[in-house]
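All of these numbers come straight from a predicted model, not from anything done at the bench. All chains are named by letter (A, B, ...) in the order of the sequence lines, taking the proteins before the strands, and each is independently numbered beginning at 1.
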Protein chains: 4
Amino acid sequence: MRILVCNDDGIYSPGIVALAEVAAEFGTVRIVAPNVEQSSMGHAITASRPLSYRTTPIGAFEAYRVNGTPADCVALGAHMWDKVNLVLSGCNLGLNLGNSIWHSGTLAAAKQAALLGIRGVAFSAPSGIEVFDAIKPWMRKALEVLIPQRELCLVNVNLPREPRGLIWTRVSVRLYDGVIVPTTDPLGRDLYWFSVKPLEGAEEGTDRWAVEQQWVSMTPLRLDLTDEAQLARCREQRPLDEQLAATVSPPKSSPEAAKKVAEEEAASPIGSRAT
Amino acid sequence: MRILVCNDDGIYSPGIVALAEVAAEFGTVRIVAPNVEQSSMGHAITASRPLSYRTTPIGAFEAYRVNGTPADCVALGAHMWDKVNLVLSGCNLGLNLGNSIWHSGTLAAAKQAALLGIRGVAFSAPSGIEVFDAIKPWMRKALEVLIPQRELCLVNVNLPREPRGLIWTRVSVRLYDGVIVPTTDPLGRDLYWFSVKPLEGAEEGTDRWAVEQQWVSMTPLRLDLTDEAQLARCREQRPLDEQLAATVSPPKSSPEAAKKVAEEEAASPIGSRAT
Amino acid sequence: MRILVCNDDGIYSPGIVALAEVAAEFGTVRIVAPNVEQSSMGHAITASRPLSYRTTPIGAFEAYRVNGTPADCVALGAHMWDKVNLVLSGCNLGLNLGNSIWHSGTLAAAKQAALLGIRGVAFSAPSGIEVFDAIKPWMRKALEVLIPQRELCLVNVNLPREPRGLIWTRVSVRLYDGVIVPTTDPLGRDLYWFSVKPLEGAEEGTDRWAVEQQWVSMTPLRLDLTDEAQLARCREQRPLDEQLAATVSPPKSSPEAAKKVAEEEAASPIGSRAT
Amino acid sequence: MRILVCNDDGIYSPGIVALAEVAAEFGTVRIVAPNVEQSSMGHAITASRPLSYRTTPIGAFEAYRVNGTPADCVALGAHMWDKVNLVLSGCNLGLNLGNSIWHSGTLAAAKQAALLGIRGVAFSAPSGIEVFDAIKPWMRKALEVLIPQRELCLVNVNLPREPRGLIWTRVSVRLYDGVIVPTTDPLGRDLYWFSVKPLEGAEEGTDRWAVEQQWVSMTPLRLDLTDEAQLARCREQRPLDEQLAATVSPPKSSPEAAKKVAEEEAASPIGSRAT
């Protein structure tokens with residue numbers, strides 16, 4: 001099994017070595033990770049400039065650093081290494097729980113794998129951790145559970161400091177910890193930190209509750225953001241031109257129509273087209 | 001109604017003025033947007049440095065530019081303006097369809113609103129558009145439909161070049177257009193573009209199909225990434241310590257447990273704690 | 001006369017319009033400037049990624065924005081417009097005096113012109129200025145003096161708030177205002193601002209003194225950083241292999257030797273060579 | 001003797017270890033360097049956000065990485081370590097010769113030292129070098145010559161691949177190798193590389209000629225950019241208000257005048273003043 005290991009703390013983080021060491025028990029490992037910390041980068045990709053891919057000594061591992069985001073690393077890593085079976089991301093120095101996972105570069109690497117049709121698992125641990133000895137057995141246990149579950153395309157794993165066991169969880173979506181905190185620079189000019197605030201305790205069965213209770217949290221995630229319930233409701237209660245569209249438009253678009261839309265999609269605004 | 005208008009093409013993009021002009025028909029508008037293009041930034045936030053917030057003349061609108069991402073702009077904009085009712089993002093110069101929405105800064109602004117408990121709507125148009133006269137009536141129609149639907153917290157709207165009508169859609173998740181394209185710099189060194197490839201025609205009812213068929217696509221989105229089906233299956237077929245956890249752990253965590261986890265969450269790695 | 005106008009505050013700064021308007025009295029003007037503020041960028045160039053060059057409406061001027069540094073803009077602007085006679089940089093919102101000019105992107109644009117064999121003049125004004133009406137006559141006077149002085153390849157002009165006249169000055173090199181100021185982020189982690197400290201009054205004849213006394217300061221600069229006095233002293237008091245080198249090495253290197261060194265020069269570390 | 005070692009290739013470059021090892025023969029060494037490559041950054045400083053300063057394991061050295069430019073690292077390093085006697089920068093993987101030194105982050109670190117009143121020496125080696133064994137004896141020889149020359153505040157040292165000896169040189173200012181090279185991205189949009197072109201052979205006595213002839217080049221540099229010859233000529237041939245200024249303005253400005261100008265100097269445009 002080919003296992004691509006990525007992270008968002010940068011290729012020199014101790015967390016990526018710990019994860020790669022555990023991963024090596026399950027298959028052949030290659031590390032492809034950002035050359036510098038990319039925390040809170042979310043699922044950003046780099047479309048406005050080309051990326052580099054450079055050999056870097058990381059223990060005994062075959063390793064490459066990329067001047068891009070975690071998602072860039074996975075896309076480039078999968079391009080450079082045929083038939084990757086699994087992408088592991090982390091182990092992040094900092095938990096990725098609840099609504100915060102939207103900002104997470106660690107999870108973005110696993111999501112990018114899933115977009116490419118490769119299974120992705122993200123691992124996060126408490127931010128104060130410096131030695132991964134106590135965490136590594138639990139990463140191993142998690143992989144022993146996850147790898148045989150072939151239907152699981154995308155999983156977010158969070159490890160507490162002293163795990164008591166593993167549980168399946170859902171995302172804690174009721175709470176959000178982002179907050180703006182004003183400051184000033186030395187010249188007295190106003191500036192604003194995007195920081196975090198304390199949250200109340202989370203509810204049972206969620207990722208946040210699991211870690212608060214010292215359980216390893218494993219959350220199966222999906223890539224489809226469609227709100228099915230709202231979609232059904234809207235189509236019924238506030239129908240628009242769906243019926244007309246079904247009548248006049250073919251059930252599958254032609255290649256020509258697809259090509260035209262492709263040219264109109266969000267492209268990085270790096271210049272006007274040559275033609 | 002207070003309407004915060006953001007985008008990811010930067011505050012000087014013509015698309016944001018077009019959207020703000022339409023929005024002004026529905027409420028009081030304030031523009032808070034990035035000072036420079038932030039395309040493909042996904043849901044990145046800026047936690048490693050403080051943000052600035054500076055007055056900028058954009059037509060007759062009250063407008064502020066921020067040296068950050070679209071999500072930063074919404075968080076900061078909502079902090080600076082009490083009781084924002086609606087966040088509109090765009091109008092992006094480039095469609096945001098299917099799996100590409102993961103990378104979209106335009107959508108991230110609307111998602112950030114939803115995280116903060118504010119309704120968010122993202123608008124995207126074909127990338128070649130320079131004049132928004134033909135598009136603006138359809139943005140108006142979309143808002144006329146969406147604003148009364150108070151249950152819709154997050155909607156992704158894509159406008160074709162010559163719309164025939166509006167339809168409710170789901171995300172096209174079968175296709176992904178990201179691709180790596182090798183290049184070299186003038187000194188012959190290898191580099192790699194994260195670019196896009198053409199896709200086949202999309203299936204009926206999806207956002208991509210809608211735009212391919214010249215319908216305005218309106219997709220209700222959710223913020224909960226939990227894969228409910230997989231979660232239920234895993235809990236049944238491969239139960240872990242869920243039962244034990246339900247027995248020994250309280251249904252809601254204590255504030256102390258929550259506080260401890262908050263300190264362990266993903267924080268930007270900008271230095272070691274002072275204490 | 002073809003006049004390229006650049007700055008480091010970004011193409012949307014009011015200062016660049018003021019300078020372009022004055023420049024238009026002396027020749028044909030084209031604006032090529034960074035798409036975002038680039039203050040304190042010094043003489044940085046962008047060698048690790050390609051640059052874009054995009055039309056931007058700035059009043060009635062032909063204008064292009066570049067996703068790079070002030071020096072990038074001048075290099076690219078001179079490439080796209082044959083036979084540029086003069087590069088003007090500014091008008092910066094903030095004075096550039098004494099040792100601070102090493103960090104100045106405004107001056108770097110003028111220096112880049114000089115490197116390319118084009119005359120360069122940098123203009124800076126007090127940072128609080130919002131209306132340039134009082135400053136513009138003095139920019140005109142400065143250009144009336146400077147343009148006929150064909151031997152002046154590089155000049156740094158600083159304009160006080162209420163000028164009394166123009167004087168030739170030298171750089172104030174005795175004082176430096178850079179200082180580190182500790183701070184913390186909202187999570188209590190240590191961080192450090194690179195800020196400025198007040199200086200004592202400057203000495204007569206220097207750029208700093210001139211502006212302190214409300215004179216427009218015009219400083220002729222050179223591009224040769226060699227310390228001639230120290231070089232002569234070292235060669236005499238601590239001779240090394242100069243004599244041997246003069247004997248065994250030809251007075252001008254061969255093209256082959258030059259080519260070999262060119263390959264060994266500082267190149268951006270974006271990847272290993274393809275061959 | 002306290003020796004601060006910095007570079008612009010980033011703290012994980014082999015070149016900085018080689019230089020630190022040689023430096024340790026002359027005094028107590030501390031490494032403070034950028035967390036990521038900063039090539040071609042020139043004398044940029046980071047004034048728009050605070051910097052971090054984090055312990056990093058680099059061999060047996062006390063080492064800190066900074067999320068900033070080479071000049072930032074020297075300013076912050078000198079702030080954190082009292083009474084630094086010498087700043088060494090490098091050893092850069094890439095020569096820094098002639099007019100290219102304006103763009104050099106390696107030299108900027110040494111210049112920043114000089115601005116702070118600390119002696120600074122920059123070391124650069126051919127870009128292809130991977131093992132520094134052959135270079136290190138020559139770095140040692142250079143330091144043995146330079147350290148006793150207390151009048152030398154700023155020196156730029158370039159080491160050829162197989163040195164024959166050391167010579168004092170001047171900067172080769174006749175030639176400049178910057179060039180714009182057009183390219184396109186995968187979507188056919190125009191982009192431009194700021195690259196380098198081959199130069200003809202340099203003239204005797206210059207830094208470029210020295211390295212072309214396989215001599216270690218040691219160039220004493222100055223921080224005063226004033227063009228004395230042009231200043232004298234202008235004052236004589238095109239006198240302005242110098243005489244009036246000398247009459248009506250005091251030979252040294254008052255602290256009040258200095259303070260006022262300080263507030264008007266180039267500050268990073270990160271927000272409007274609080275008052």
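Contact of B:D177 with chain A is made through the side chain alone, with heavy-atom distances under 4.5 Å. If you measure heavy-atom distances from B:A245 to chain A, the contacts under 4.5 Å come from both the backbone and the side chain. Heavy-atom distances place the side chain of B:S100, and not its backbone, under 4.5 Å from chain A. When heavy atoms are compared at a cutoff of 4.5 Å, A:H79 approaches chain B solely by way of its side chain, counted from C-beta outward. In this structure, chain B has a heavy atom under 4.5 Å from the backbone of A:A125, while its side chain stays farther away. Only the side chain of B:P182 comes within contact range of chain A, with at least one heavy atom under 4.5 Å from a heavy atom of that chain. For B:I101, the part lying under 4.5 angstrom from a heavy atom of chain A is the side chain only. Of the two parts of B:W209, the backbone and the side chain both hold a non-hydrogen atom closer than 4.5 Å to a non-hydrogen atom of chain A. With a 4.5 angstrom heavy-atom cutoff, B:S124 does not touch chain A via any of its atoms.
Of the listed residues (A:A75, A:A229, A:S13), the greatest number of heavy-atom pairs within a distance under 4.5 Å of chain B belongs to A:A75. Taking B:T183, B:L152, B:D8 one by one and counting their heavy-atom pairs under 4.5 Å with chain A, the maximum is reached by B:L152. For the options B:G165, B:C234, B:A257, heavy-atom pairs under 4.5 Å to chain A are most numerous at B:C234. Of the residues considered (B:L231, B:L154, B:V261, B:V173), B:L231 shows the highest number of contacts with chain A, using heavy-atom pairs under 4.5 Å. Ranked by heavy-atom pairs shorter than 4.5 Å toward chain B, the options A:E203, A:Q214, A:Q149 are led by A:Q149. Among A:S172, A:A202, A:G117, A:P160, the residue with the largest count of heavy-atom pairs under 4.5 Å with chain B is A:A202. Between chain A and the residues B:R208, B:M80, B:Q237, B:R233, the largest count of heavy-atom pairs under 4.5 Å involves B:R233. Of the residues considered (A:G178, A:P251, A:P198), A:P251 shows the highest number of contacts with chain B, using heavy-atom pairs under 4.5 Å. Considering only heavy-atom pairs separated by less than 4.5 Å from chain A, the leading option among B:L199, B:L116, B:V145 is B:V145. Chosen from A:Q243, A:K259, A:E228, the residue pairing most often with chain B at heavy-atom distances under 4.5 Å is A:E228. Heavy-atom pairs under 4.5 Å with chain A peak, among B:Q112, B:E151, B:M41, B:E204, at B:E151. Put simply, of A:G201, A:A258, A:P50, the one with the most heavy-atom pairs under 4.5 Å next to chain B is A:P50.
A donor-acceptor contact shorter than 3.5 Å is absent between the side chain of A:D9 and the backbone of A:G15. Of the possible polar contacts, one joining the B:E242 side chain to the A:W168 backbone as a donor-acceptor pair under 3.5 Å is found. Judged purely by atom type and a 3.5 angstrom limit, B:H103 uses its side chain to pair as donor or acceptor with the backbone of A:H43. Side-chain atoms of B:T69 do not come within 3.5 Å of backbone N or O of B:Q38 as any donor-acceptor pair. Not one N or O on the side chain of B:S40 forms a donor-acceptor pair closer than 3.5 Å with the backbone of A:T46. Under a 3.5 Å cut-off, the side chain of B:D207 and the backbone N or O of B:N158 do not form any donor-acceptor pair. B:R170 contributes no side-chain N or O that, together with a main-chain N or O of A:D227, makes up a donor-acceptor pair within less than 3.5 Å.
B:E212 and A:K252 are not joined by a salt bridge, as no carboxylate oxygen comes within less than 4.0 angstrom of a charged side-chain nitrogen. Look at A:E264 and A:K260 and you find a salt bridge, because one of the NZ, NE, NH1 or NH2 atoms lies within 4.0 Å of a carboxylate O, short of that distance.
Note on ring orientation: taking the six-membered ring where Trp is involved, the planes of B:Y64 and B:Y53 are parallel (angle under 30°, cut-offs 30° and 60°).
Residues B:A71 and A:F194 share a closest heavy-atom pair of O-CE1, 4.1 Å.
With A:S217 as the partner, the side-chain hydrogen bond (donor to acceptor under 3.5 Å, both in side chains) test is satisfied by one option alone out of A:T169, A:N96, A:N156, A:T206: A:T169.
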Pair A:W102-B:L223, side-chain contact (heavy atoms from CB on, under 4.5 Å): steps then yes or no: CA-CA 9 Å; A:W102 284 101; B:L223 278 180; 3.7 Å; yes
